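These notes are about the structure you will find just below.
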Amino acid sequence: MIVAVDGPTASGKGTIAKALAAHFGLPHLDTGLLYRAVGRQVALHGGDPDDPADALAACTFPDALLKEETLRSEAAGSLASRVSVHPAVRRALYDRQRAFALQPGGAVLDGRDIGTVIAPEAQVKLFVTASVAERAHRRWLEMSARGIAVDLAAMERDIAARDDRDMNRADAPLMAAPGALVLDTTTLGREEAIAAAIEAVGARLSAPPTPPGA
Ligand code: DC
C-alpha cells in the first residue's frame, strides 16, 4: 500500500506520516529532507539557490547531509522551497522518491507532490492542512522550546511566503491531489490529528474499490 501525505509547512503532515508508517508497519520517507539537503548543499558551495544550474549541481549531495540537524532549521526550509521551483531539481529527485514508493510492501511518503506526481496511484492520499496563524504558532512554540528567539509575526509572514512559493510554482505546485482526503488540523492536538488520520486511512482501506471511470 502506498500512502501519500501532502500539505504545507507545519501542517502536521510529517508527524502524521510518521505515525501512519508506525501504525501500518510501513517505511517512511520525508521528501522535504531531500529538497532541504539540496538547498544546504548549494549554500555550502556558495551557489545561488535561485540559479537552476547551481541548484541542479547540488542534487548530488552526499547522503550524510540528510542526517544534519541544520536541515531542520527555518533557513534550510526556505532554501529548500527556493531550489524546489526548478524543474531540473524535481526531475533529479524523482527516481529516488519513486523507487521508495514502489518498494515491495508499500510505503508512506510525505511532501508536496506525492499524490499528484510521485505516486499518483497511491491507494491513500491525505492532504493535511491548518491555518497560517496556527502553523506559525506551532513553529514558534517549537523554536521557543529549543531556545531560539523568533518573532511570531515574522514567522507568520515567512510561512505565508513559503506557501505562496510552493503553491504557485509552475512545476508540481502544492495542491490536494484529486480524491485526497483533506485533514484540517487547525483545531486538533497532536494525538487527535494522528487518530483522525489513522481512522481516515483505515476507512479508505476498508471502502470498496471505486469502479474505473467513476
Ligand atoms: O516539508 P518541508 O518543509 O521539509 O519542505 C521544504 C521545502 O521543500 C518546501 O517548502 C517545498 C519543497 N518540497 C517540495 O517541493 N516537494 C516535496 N515533495 C517536498 C518538499
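The model shown is predicted, which means the values in this text are computed figures rather than measured ones. Residues take their numbers from the sequence shown, with the count starting at 1. As the structure lists them, so they are numbered: ligands from 1, and atoms in each ligand from 1.
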[Y] side chain reached by [X] side chain, heavy atoms, under 4.5 Å:
| X | Y | answer |
| --- | --- | --- |
| Leu33 | Lys67 | no |
| Lys125 | Asp6 | no |
| Arg165 | Ser78 | yes |
| Pro87 | Arg90 | no |

Exercise. Checking side chain to side chain donor-acceptor pair (under 3.5 Å) against Arg135, which of Asp163, Thr129, Thr186 comes through?
Worked result: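 It is Asp163, the one option of Asp163, Thr129, Thr186 that forms the side chain to side chain donor-acceptor pair (under 3.5 Å) with Arg135.
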Quick one: which ligand 1 atoms are inside 4.0 Å of a heavy atom on [X]?
| X | answer |
| --- | --- |
| Ser81 | 7 (C), 10 (O) |
| Arg90 | 14 (C), 15 (O), 16 (N) |
| Lys13 | 1 (O) |
| Ser84 | 11 (C), 12 (C), 15 (O) |

Problem set entry | Nearest candidate to atom 7 (C) of ligand 1, where distance is taken over non-hydrogen atoms, out of Ser78, Ala80, Pro8 | Ala80
Exercise. Which is closest to atom 18 (N) of ligand 1 by heavy-atom distance: Asp171, Asp6, Thr31?
Worked result: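 The residue whose heavy atom sits nearest atom 18 (N) of ligand 1 is Thr31.
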Exercise. Would you call Arg138 and Glu142 a salt bridge, taking side-chain N to carboxylate O under 4.0 Å as the test?
Worked result: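 Between Glu142 and Arg138 there is no salt bridge, as every charged N stays at least 4.0 Å from the carboxylate O atoms.
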For this session: Before accepting this row, confirm whether a basic side-chain N of the pair Arg91/Asp171 lies closer than 4.0 Å to the acidic partner's carboxylate O.
Result: no
For this session: Considering heavy atoms of the protein only, find what lies nearest to atom 8 (O) of ligand 1 and give residue, atom and distance to 0.1 Å.
Result: Tyr35 CB, 3.5 Å
For this session: Please report which non-hydrogen protein atom sits nearest to atom 4 (O) of ligand 1, along with the residue it belongs to and the distance in Å to one decimal place.
Result: Arg36 NE, 2.6 Å
What about [X]: any of its N or O atoms under 3.5 Å from an N or O on ligand 1?
| X | answer |
| --- | --- |
| Arg169 | yes |
| Arg112 | yes |
| Gln97 | no |

For this session: Run the numbers on Arg96 and Asp63 for salt bridge (Lys or Arg N to Asp or Glu O under 4.0 Å), then give the verdict.
Result: CA-CA 12 Å; Arg96 182 174 187 155; Asp63 272 10; 3.2 Å; yes
For this session: Could you tell me whether Arg162 approaches ligand 1 through its side chain, its backbone, both or neither, with non-hydrogen atoms closer than 4.0 Å?
Result: side chain
